[in-house]
2 protein chains.
Amino acid sequence: MDKRVSEIGFRLSDCDMSGGDFDKCPVRDVMSQINGKWSVLLLHALSEQSYRFGELRRLVPDISQRMLTQTLRELQRDGYIDRTVFPTKPPSVEYSMTPLGFSLFAALSQVIIWAERNHPAVREARERFDAAERS
Amino acid sequence: MDKRVSEIGFRLSDCDMSGGDFDKCPVRDVMSQINGKWSVLLLHALSEQSYRFGELRRLVPDISQRMLTQTLRELQRDGYIDRTVFPTKPPSVEYSMTPLGFSLFAALSQVIIWAERNHPAVREARERFDAAERS
DNA sequence: CAGTATCCGAGGTGATACTG
DNA sequence: CAGTATCACCTCGGATACTG
């Protein structure tokens with residue numbers, strides 16, 4: 001019985017990441033960008049509707065202005081979200097998800113759903129591990 | 001039309017991460033552990049079969065001994081892999097995936113497949129962004 | 001073989017202050 | 001309103017040497 005998840009084509013041998021070059025490793029090239037502390041949360045928010053900068057800030061209270069700007073720019077750079085400036089005074093900027101972003105989030109949502117469902121199991125595993133270590 | 005991905009229960013308002021406490025945010029609590037540079041690659045390897053320490057080292061040539069040890073321990077702590085010691089001389093240690101690890105990897109594989117398929121699109125988006133910035 | 005211990009540099013993150 | 005700029009910390013990751 002082969003437990004391998006099919007459809008996955010990438011091989012570890014393809015992933016020569018020496019020199020910090022992820023070009024040969026699509027998985028890490030994509031994931032290293034959504035690895036940020038806030039990326040998934042922002043993608044989740046924008047998957048529901050478009051938001052302005054200040055709205056996102058209020059929606060994710062713990063995020064600093066610096067990290068909100070930076071994370072949004074990274075998501076925009078990778079083509080996951082669009083940034084639309086309305087030249088009003090004062091200016092207003094709307095962030096919205098692109099089709100590419102929606103398709104990424106569809107895949108990511110599997111992990112999100114898994115995380116919610118299995119969070120208790122993970123926490124229990126950690127406690128068992130930590131308890132066993134102390135002895 | 002609601003583009004929201006259903007089945008997702010978590011709300012940003014639940015994710016009070018002040019104080020570095022991720023307990024209230026299952027998504028980040030789980031993902032922050034697989035955020036490491038090597039976690040997904042090791043999960044992928046072990047999803048195919050069990051490996052010994054040295055085998056994994058050869059399989060992922062770029063990884064340092066330090067990071068291999070550390071990443072394996074984190075994955076074990078979260079309950080994704082098992083560590084079995086055979087008291088031979090010299091000792092031999094086998095790492096294998098747990099059912100929890102398999103179920104996580106099933107969800108993760110959606111992202112892996114997406115990354116392989118859409119890597120070119122992401123790279124093009126980056127180039128467009130960088131080109132537009134230089135002007 | 002399968003680790004540990006130590007040091008170090010790079011980058012991610014936050015706090016604060018300032019701007020068109 | 002929607003950012004930039006600067007500083008300062010702190011974790012992550014790599015290199016090297018050592019061990020049961």
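Throughout, protein chains are lettered first and strands after them, A, B, ... in sequence-line order, and every chain is numbered starting at 1. Heavy atoms only: backbone and side chains are in, while hydrogens, waters and symmetry mates are out. Keep in mind that what you see is a predicted model, and the values were worked out from it rather than measured.
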K.L.:
If I compare all heavy atoms of B:Val40 with all of B:Phe105, which pair ends up nearest, and what's the gap?
P.N.:
O-CE1, 4.5 Å

K.L.:
Check A:Ala45 against A:Leu59 and note the closest heavy-atom contact, atom names and distance.
P.N.:
CB-CD2, 3.9 Å

K.L.:
Quick one: side chain to side chain donor-acceptor pair (under 3.5 Å) partners of A:Glu116, sequence neighbours excluded?
P.N.:
none

K.L.:
Just to be sure I understand: a Watson-Crick pair is purine N1 to pyrimidine N3 plus N6-O4 or O6-N4, both under 3.5 Å. Using that and G-U wobbles, which stems of three or more pairs involve DNA chain C?
P.N.:
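Ordered by first number, the stems with DNA chain C (at least 3 consecutive pairs each) read C:1-20 with D:1-20.
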
K.L.:
Of all residues at least two apart in sequence or in a different chain, which pass the side chain to side chain donor-acceptor pair (under 3.5 Å) check with A:Gln70?
P.N.:
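So A:Gln70 forms a side chain to side chain donor-acceptor pair (under 3.5 Å) with A:Arg66.
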
K.L.:
Under the salt bridge (charged side-chain N to carboxylate O under 4.0 Å, His left out) rule, what pairs show up with a residue in residues 71-82 of chain A, not counting sequence neighbours?
P.N.:
A:Arg73-B:Glu133, A:Arg77-B:Asp130, A:Asp78-B:Arg126

K.L.:
What are the 5'-most and 3'-most nucleotides of DNA chain C lying under 4.0 Å from any heavy atom of chain B?
P.N.:
C:dC1 to C:dT6

K.L.:
Is there side-chain contact between B:Val122 and A:Asp29, with at least one heavy-atom pair below 4.5 Å?
P.N.:
no

K.L.:
Mind listing the residues from residues 64-77 of chain B sitting with a heavy atom below 4.0 Å of DNA chain D? Number order is fine.
P.N.:
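B:Arg66, B:Met67, in order of number.
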
K.L.:
With sequence neighbours left out, write down each residue that passes side chain to side chain contact (heavy atoms under 4.5 Å, CB included) with A:Glu127, or none if nothing qualifies.
P.N.:
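Residues passing side chain to side chain contact (heavy atoms under 4.5 Å, CB included) with A:Glu127: none at all.
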
K.L.:
Would you find a donor on one side and an acceptor on the other, under 3.5 Å apart, between the side chain of A:Thr69 and the backbone of A:Gln65?
P.N.:
yes

K.L.:
Write down the atom of B:Glu55, the atom of B:Ser50, and the distance for their closest heavy-atom approach.
P.N.:
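Closest pair (atom of B:Glu55, atom of B:Ser50, distance): OE1-O, 4.5 Å.
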
K.L.:
Contact between B:Leu46 and B:Leu75 at the side-chain level, heavy atoms closer than 4.5 Å - yes or no?
P.N.:
no

K.L.:
Strictly below 4.0 Å, heavy-atom distances to any atom of DNA chain D: list the hits from residues 79-87 of chain A, or just say none.
P.N.:
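The stretch gives A:Arg83 as the residues lying under 4.0 Å from the strand, ordered by number.
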
K.L.:
When the side chains of residues 94-103 of chain A are checked against the rest of the protein, which donor-acceptor pairs come out under 3.5 Å, sequence neighbours left out?
P.N.:
from: A:Tyr95; atom 1: OH; to: A:Arg83; atom 2: NE; distance (Å): 3.3
from: A:Thr98; atom 1: OG1; to: A:Gly79; atom 2: O; distance (Å): 2.6
from: A:Thr98; atom 1: OG1; to: A:Tyr80; atom 2: O; distance (Å): 3.0
from: A:Thr98; atom 1: OG1; to: A:Leu100; atom 2: N; distance (Å): 3.4
from: A:Thr98; atom 1: OG1; to: A:Gly101; atom 2: N; distance (Å): 3.0
from: A:Ser103; atom 1: OG; to: A:Leu100; atom 2: O; distance (Å): 3.0
from: A:Ser103; atom 1: OG; to: B:Trp114; atom 2: NE1; distance (Å): 2.8

K.L.:
Are B:Phe129 and A:Ile34 co-members of a hydrophobic cluster defined by side-chain heavy atoms under 4.5 Å apart?
P.N.:
no

K.L.:
Look at all strands and tell whether B:Arg52 reaches a base, only sugar-phosphate, or nothing, counting heavy atoms closer than 4.0 Å.
P.N.:
sugar-phosphate

K.L.:
In whole Å, I'd like the distance from the NZ atom of A:Lys37 to the P atom of D:dC10.
P.N.:
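Rounded to whole Å, this separation is 13 Å.
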
K.L.:
Quick one: on DNA chain C, does A:Gly36 or A:Pro91 contact a more 5' nucleotide (nearest heavy atom)?
P.N.:
A:Gly36

K.L.:
Checking B:Gln49 now: which residues fulfil side chain to side chain contact (heavy atoms under 4.5 Å, CB included) with it, not counting sequence neighbours?
P.N.:
B:Tyr51

